[in-house]
There are 4 protein chains.
Amino acid sequence: MSRDSDAVESERRTLICEFLPLFYDKGWVAGTGGGICAALDDQTLLMAPTGVHKERVAPGDLFVVDREGRVLRPPKTPALRLTECSAVFCAVVKRCKAGSVMHSHALSAVLAGDLAEGKDRIMIRDLEMLKGIQGCTNADHHAVPVIDNTAREPELVGRILDALDQPEFGKAACVLVRNHGAYIWGDDVWDAKRHAEVYHFLFEAMVARTRVARPLR
Amino acid sequence: MSRDSDAVESERRTLICEFLPLFYDKGWVAGTGGGICAALDDQTLLMAPTGVHKERVAPGDLFVVDREGRVLRPPKTPALRLTECSAVFCAVVKRCKAGSVMHSHALSAVLAGDLAEGKDRIMIRDLEMLKGIQGCTNADHHAVPVIDNTAREPELVGRILDALDQPEFGKAACVLVRNHGAYIWGDDVWDAKRHAEVYHFLFEAMVARTRVARPLR
Amino acid sequence: MSRDSDAVESERRTLICEFLPLFYDKGWVAGTGGGICAALDDQTLLMAPTGVHKERVAPGDLFVVDREGRVLRPPKTPALRLTECSAVFCAVVKRCKAGSVMHSHALSAVLAGDLAEGKDRIMIRDLEMLKGIQGCTNADHHAVPVIDNTAREPELVGRILDALDQPEFGKAACVLVRNHGAYIWGDDVWDAKRHAEVYHFLFEAMVARTRVARPLR
Amino acid sequence: MSRDSDAVESERRTLICEFLPLFYDKGWVAGTGGGICAALDDQTLLMAPTGVHKERVAPGDLFVVDREGRVLRPPKTPALRLTECSAVFCAVVKRCKAGSVMHSHALSAVLAGDLAEGKDRIMIRDLEMLKGIQGCTNADHHAVPVIDNTAREPELVGRILDALDQPEFGKAACVLVRNHGAYIWGDDVWDAKRHAEVYHFLFEAMVARTRVARPLR
């Protein structure tokens with residue numbers, strides 16, 4: 001690595017470790033769940049370990065993986081294992097040309113998924129905050145795909161790619177996973193954070209406006 | 001500039017950059033949206049850039065503009081562009097003789113706007129917090145104008161001025177923009193912050209007391 | 001003053017100024033409203049100024065007043081004026097032998113007051129947190145007086161004293177003021193903070209359990 | 001003690017005192033209620049004092065007790081008394097081979113207990129976050145026992161042990177106490193914190209999905 005790419009990597013590791021406590025404070029990552037990845041260059045991604053308290057991840061705890069999720073450089077701490085989200089992160093980066101993907105376990109994302117009921121999407125409209133999504137205006141009827149959850153995270157990949165193949169989801173920078181949360185992405189870590197703020201606001205607004213309740217089973 | 005006005009400008013830049021993270025923590029600015037302006041003197045205003053994460057704006061990132069929104073001194077960072085709210089900020093400063101205007105994207109402001117339904121206002125009453133608005137008592141029936149949203153922020157100016165021309169809104173230090181948020185102002189940055197706290201409390205109280213839900217479309 | 005009472009006063013000023021930002025973060029003081037007083041000794045009380053952003057009050061900004069609310073030592077900043085709550089604070093200190101009284105503008109206190117509707121009290125029961133109130137058990141049916149609001153804070157004194165004269169409110173360390181908030185007290189600043197945490201929890205629990213809504217007027 | 005066990009004890013005391021302010025910020029401990037214990041070794045436990053503001057407990061304020069809750073080493077501050085939860089903590093540590101137990105007074109735990117109504121459990125399902133509980137999958141129908149509250153905390157022990165004897169609660173790392181809160185445990189302090197985050201999320205999700213209200217009495 002050149003001195004420059006060293007500096008970029010160091011800065012990006014630091015930024016990720018600034019954002020994870022922020023995501024934790026907002027309730028997007030909790031109980032060791034949730035996470036984030038970020039491209040280092042065209043070939044590689046930084047990814048957090050699994051099973052750790054995300055708000056306490058240190059810059060040196062991140063994995064460097066290739067675009068297929070193969071570990072190129074593990075963190076020095078030997079016990080750390082790569083995030084379960086690796087396959088989803090790689091698929092979204094490749095399919096959407098995203099530079100960063102975050103995975104949210106927010107309650108508002110779960111409740112927004114509930115709004116879809118049997119359908120494969122929620123429609124978001126009548127909110128200025130839609131402008132915060134790249135390519136959207138506040139007049140858009142913005143379709144966000146909602147897919148069913150699976151036993152393991154890598155099994156979500158096919159469902160996510162199928163959803164993103166549908167042209168009506170062309171502007172979505174988010175997939176909701178029923179009973180689970182959301183994957184949200186952007187051109188870089190800053191954009192992923194902005195989109196995360198925007199989509200979580202939209203989820204909360206949708207839920208507040210509809211107040212859907214499910215009967216207790 | 002004299003040494004004194006230098007000190008005032010420096011202090012005001014610092015205060016704005018203290019308040020923006022506070023506004024972010026409260027959910028008033030998010031997803032790069034929302035913002036604030038503050039008068040430096042009778043001729044000029046400080047304004048934040050657009051498209052940036054507002055809670056991370058540094059004192060040196062602010063624009064100095066004249067009362068028509070023309071840039072007098074840009075920040076040193078060349079890529080920064082002036083906030084989209086510039087025209088609204090200038091109009092409110094001029095019309096209401098405000099020394100500072102903040103723009104909120106809070107969910108409570110959106111939901112308070114929903115309470116107006118087809119009407120052009122919400123009426124706030126029976127709350128001690130009304131005393132926090134300059135010129136109001138807790139016995140007031142306080143009318144806050146609610147205007148429709150537009151495609152671009154500068155197009156709001158006419159609607160805001162039309163609303164503020166109506167004498168029943170004479171005590172309002174706030175305009176609600178449907179599906180969007182609110183503009184809130186005061187004599188200076190401190191007053192704008194106080195009014196922001198007061199109005200957001202009033203929005204939350206109104207929403208909690210009425211629990212309006214809109215059917216899912 | 002002796003060296004000892006100097007140290008006590010300094011420590012108490014510091015503690016109050018640690019708690020005010022905490023109260024602000026919790027939404028108990030906002031928009032310059034709300035506040036706290038604390039006894040220095042049998043003769044004197046520390047009180048915050050009015051009309052200031054309470055979370056930014058500095059130790060030197062507090063007034064020393066006698067038990068009738070007469071200013072003995074003002075803060076050095078000449079523009080500061082004594083809190084509007086002074087008369088209520090003095091009355092509660094005297095009547096309840098309290099060492100500290102805090103005044104909350106929390107939304108949960110307003111909504112708990114709504115639960116009383118036309119009645120002069122709310123009854124709190126079936127909550128372990130009742131144990132956090134001095135002299136209470138979790139089996140208590142705890143009566144908290146609810147009084148009507150007045151135009152000015154000093155006018156609340158008579159209503160508060162009338163309420164506290166009723167024996168069924170003998171264990172209450174709180175008076176709710178309709179559409180306004182609450183006064184909450186304890187033996188010292190620590191106890192007032194504990195009671196504030198306990199009562200706000202109880203308010204939130206009552207509101208969550210009953211979800212009372214008032215029709216929009 | 002060896003130098004090693006000294007270091008372990010010091011680290012554990014520090015970690016507990018990092019987590020207590022976090023629990024306070026989340027509303028799990030408040031009004032001096034709630035708490036945590038942690039095993040030092042096979043024979044001893046660290047426990048917080050009772051009646052103190054938990055978010056301000058210092059490492060030196062913790063008691064060292066044996067597995068029956070007998071104090072082996074008190075904190076240096078003489079006025080401190082051992083937590084009321086001691087008997088419950090010891091029983092759960094012994095019965096569940098837990099290395100740490102936290103006690104929550106969260107409103108979400110109280111409201112989740114309300115969902116049980118007359119029954120002795122709540123069933124949690126259809127939530128990815130279930131994976132955060134040791135031994136669970138997101139397909140589980142996870143049974144959490146709900147027991148009635150008692151006058152004093154030590155009286156809860158029998159009810160908790162009776163509940164945990166039922167095989168259908170075999171995977172639960174939590175007992176809900178009606179009108180009171182929850183006990184949540186894990187293999188060590190980190191696991192107890194993770195489980196606390198997971199269960200409080202599950203409580204909030206259950207409550208949001210069902211919106212149970214009880215009539216005001």
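Quick caveat, the model's predicted, so the values are computed rather than measured.
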Exercise for review: Answer with side chain, backbone, both or neither: which region of C/Ala205 has an atom nearer than 4.5 Å to a non-hydrogen atom of chain D?
Suggested key: both

Check your understanding: Is it true that atom CD of C/Gln43 has more than 12 heavy atoms of other residues, nucleotides or ligands lying nearer than 6.0 Å?
Key -> no

Practice item. Tell me, yes or no, whether the heavy-atom count around D/Glu11 atom CD, taken from other residues, nucleotides or ligands under 6.0 Å, exceeds 12. Key: no

Point to revise | Top contributor to chain C contacts, counting heavy-atom pairs under 4.5 Å, from D/Gly27, D/Ala151, D/Gly51 | key: D/Ala151

**Study point:** Heavy-atom proximity to chain D below 4.5 Å, by part of C/Leu22
**Key:** side chain

Study note, to complete from the structure: Minimal heavy-atom distance between D/His105 and C/Phe201, with the atoms involved, is O-CE1, 3.2 Å

Check your understanding: In this structure, are over 12 heavy atoms from other groups packed under 6.0 Å from C/Arg67 atom CZ?
Key -> yes

Review point. Looking at side-chain heavy atoms only, is the closest gap between D/Leu111 and C/Arg209 below 4.5 Å?
Key: yes

Review point. Considering the options C/Leu127, C/Asn138, C/Asp126, which one meets the side-chain contact (heavy atoms from CB on, under 4.5 Å) requirement together with D/Asn149?
Key: C/Asn138

Review point. Atom OG1 in D/Thr150, atom CD in C/Glu128: separation rounded to 0.5 Å?
Key: 7.5 Å

Review point. Please walk me through it: do D/Lys54 and C/Glu197 pass salt bridge (charged side-chain N to carboxylate O under 4.0 Å, His left out)?
Key: CA-CA 12 Å; D/Lys54 292 296 190 301; C/Glu197 289 174 6; over 6 Å; no

**Study point:** Residues D/Glu84 and C/Lys131 bridged, charged N to O under 4.0 Å
**Key:** no

Study note, to complete from the structure: Between the NZ atom in C/Lys26 and the CG atom in D/Asp25, the distance rounded to the nearest 0.5 Å is 7.5 Å

